[in-house]
There are 2 protein chains.
Amino acid sequence: MASSIAELISERIDTLPASERRAAQTLIANYPLIGLKTVADFSQQAGVSSPTILRFVARLGFHNYPEFQSALQDELAAQLQSPASRTFAPAASGDGIVSPTLEATLDNLRETFRHISDRQLAGIAAKLSDRRGHMYLIGGRFTDPLARYMAAHMAIIRPNVFHLSGQESIWRDRLIDMGKHDVLLIFDIRRYQESLVRFAEKAHHRGVQIVLVTDQWLSPIARFARHVVAGRTAMPSAWDSSASLFVIAETLIDAVTRQLDTEGARRIREMEELR
Amino acid sequence: MASSIAELISERIDTLPASERRAAQTLIANYPLIGLKTVADFSQQAGVSSPTILRFVARLGFHNYPEFQSALQDELAAQLQSPASRTFAPAASGDGIVSPTLEATLDNLRETFRHISDRQLAGIAAKLSDRRGHMYLIGGRFTDPLARYMAAHMAIIRPNVFHLSGQESIWRDRLIDMGKHDVLLIFDIRRYQESLVRFAEKAHHRGVQIVLVTDQWLSPIARFARHVVAGRTAMPSAWDSSASLFVIAETLIDAVTRQLDTEGARRIREMEELR
DNA sequence: TAGGCGCCGTATCATATGTTACGGATTTTA
DNA sequence: TAAAATCCGTAACATATGATACGGCGCCTA
């Protein structure tokens, strides 16, 4: 069916007039990038005139050139999101429970960390390692558990870690204690919660440094954030997956732990003795 | 050297003004396709004005927007030609933060699911889909957030889901309401908490069906559990990782959602309307 | 607190880009 | 062979698109 544009072309390539066929061939040969350039570039590369290009895409069923380009981009986007696995055939067990979910999760993780650099994480870790200020964590409806998870670890290796839980009014009241030396770590994926956005804005105005962990569409909180980390969340399922955010959290925990190193180690030992 | 544009950006992202940084972040998050669209599209997606986008690409060293787009396209072309290079950019990053953590996590996930069968998960999902009984969730010090995460989802697709939080005495009192039709889902990794073990034992004696999600060394609760799922947690780090347990949780959520299917879908719609 | 500086959006402008009309060339059909 | 239809490029056109000037705003410094 609908399938890819490349297939659509190779189906009809025999029925095309000569010049348009040249256009088709050059497109296939440089698929799909030449189609993302201008009509002039495309036509020159194919050795035909611009109107020929336009007639060509019109014959494929597109109403205009930009529409054709959008289709190519969508296709490319889908291709880029799921690296290896999509190129190969579905690994036989297409209808199992485990396989699709696991594969999608692995893809999400790889894709997520492809866009995250060591230096970015190091910058965030440095901020989270600053024991002078307070560290606050909070999350949305589904992501608040991630904030709790991270808080549980951070509280062990550094002082003044607070997870903001309960009613909105409760966090709001804590704003009074927040200042420019403090860090607020927020987890927020769509649908983004207004209450969180409001809270972030107020914290930002108080000078609090915000670290945001969000999805690829970026929560509106990004506007106020000093650091933004985006994870992939799309899944072949009714739900989005927060697994990539979870691994980001664990990576940060690890990074901060290493940064605090000796100090943190002593703290952990002390804590052991207190139990 | 010049290397990729993505790297170029992450190098300089700290020196950028706020709005341009936001542009940079959206570009990285949707790399590189958003950069191939028009300035208007880009700016809208990033929530900034078009001149900001242009100032941004100018600061990266490009003389104009088309030149920037060409660079992206060249990069993309190179990438599309050699699929192998997609795996990762700097392979030499043995000492980075990202690489070792990510690799270990991916290994853990693969190894975890190698030992989990569809039928095992299907059995658990069937139990969790039984809407006649109550479903209780609880976790240990670090894993309780996982219980919360799962509870947040389960509560949407089926009735009578309860996360047990707070003091030990509080859960204990809820035992009075638990019976043989109910399910208790426990997350527990080492070091296993005595309080959880005691609680599990009592629940077991009341005939509650226990589902245990634990690490590869199996919590002592396994003795009382009807179903046991073990995930890999070992990491080259000071901490164990719960990522595999998290993905198990998401897989179960997905499986139960599919099982309840039509019923669940109606419930979700109803819930949407209530908001 | 006042002054200076850099940031960033609004509005305007120039032009690159897609689009269309038209006519000559080529092939097909009668 | 003549007529018709199709193909295809040239050139003019409209507009979407990138670029720029300008002014307000917030932030830092003195």
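Below, chains carry the letters A, B, ... as their sequence lines are ordered, and counting in each starts from 1. Note: hydrogens, waters and symmetry copies are ignored here, and every other heavy atom, side chains too, is used.
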What parts of residues 202-210 of chain A reach DNA chain C, counting only heavy atoms under 4.0 Å away? none
In whole Å, what is the span from the CZ atom of B:Arg21 to the P atom of C:dC7? 11 Å
Is the backbone N or O of B:Leu36 less than 3.5 Å from a side-chain atom of B:Gln69, with the two atoms forming a donor-acceptor pair by type? yes
So which of residues 12-19 of chain B are in contact with DNA chain C, with a heavy-atom cut-off of under 4.0 Å? B:Pro17, B:Ala18, B:Ser19
Sub-4.5 Å side-chain heavy-atom contact between A:Val256 and A:Ile157: yes
Contact under 4.0 Å: B:Thr52 side-chain N or O vs C:dC7 OP1/OP2: no
Is a side-chain N or O of A:Ser117 found less than 3.5 angstrom from the main chain of A:Gln120, in a donor-acceptor match? yes
Name all residues meeting the ring-ring contact (aromatic ring centres under 6.0 Å, His included) criterion together with A:Tyr192; count only those two or more places apart in sequence or in a different chain, and write none if there are none. none
Taking side chain as C-beta onward, heavy atoms only, is A:Leu121 less than 4.5 Å from A:Leu252? yes
Could you give the CD-to-C1' distance, from B:Gln69 to C:dA16, as a whole number of Å? 12 Å
A:Glu201: partners by salt bridge (Lys or Arg N to Asp or Glu O under 4.0 Å), with sequence neighbours left out: none
To the nearest angstrom, how far is B:Gln44 atom CD from D:dG18 atom P? 13 Å
Let me know the distance between NE2 of A:His63 and P of C:dT19, rounded to the nearest Å. 12 Å
Separation of D:dA19 C1' from B:Phe68 CZ (nearest whole Å): 16 Å
Take atom CG of B:Asn64 and atom C1' of C:dA14, then tell me their distance rounded to the nearest Å. 14 Å
Any salt bridge linking A:Lys127 with A:Asp130? Criterion: basic side-chain nitrogen under 4.0 Å from a carboxylate oxygen. no
What is the distance from atom CG of A:Leu146 to atom OG1 of A:Thr143, rounded to the nearest 0.5 Å? 6.0 Å
A:Tyr65, nearest nucleotide to its side chain (from D:dT10, C:dT19, C:dC7): C:dT19
Give the B/S/- string for nucleotides 20-30 of chain D, one per nucleotide from 5' to 3', where a protein heavy atom under 4.0 Å of the base yields B, of only the sugar-phosphate yields S, and otherwise -. B----------
Between NZ of A:Lys37 and P of C:dA16 the distance, given in whole Å, is 17 Å
Minimum side-chain heavy-atom gap A:Leu184-A:His204 below 4.5 Å: no
Can you tell if the side chain of B:Phe246 reaches within under 4.5 Å of the side chain of A:Val247, non-hydrogen atoms only? no
Spell out, as yes or no, whether a donor-acceptor pair under 3.5 Å connects the side chain of B:Ser10 to the backbone of B:Ala6. yes
Quiz item: cation-pi between A:Arg174 and A:Tyr136, 6.0 Å / 45°: no
For B:Leu109 and B:Ala243, the nearest pair of non-hydrogen atoms, with its separation, is CD2-O, 4.2 Å
Quick check against the 3.5 Å criterion: does A:Arg206 have a side-chain atom that pairs as donor or acceptor with the backbone of A:Met178? yes
If I take atom CD1 in residue A:Ile53 and atom P in nucleotide D:dT10, what distance separates them, rounded to the nearest angstrom? 13 Å
Where each residue is assigned the nucleotide of DNA chain D containing its nearest heavy atom, which of B:Thr38 and A:Glu20 is assigned the position nearer the 5′ end? A:Glu20
Protein-nucleotides 3-6 of chain C N/O pairs closer than 3.5 Å?
none

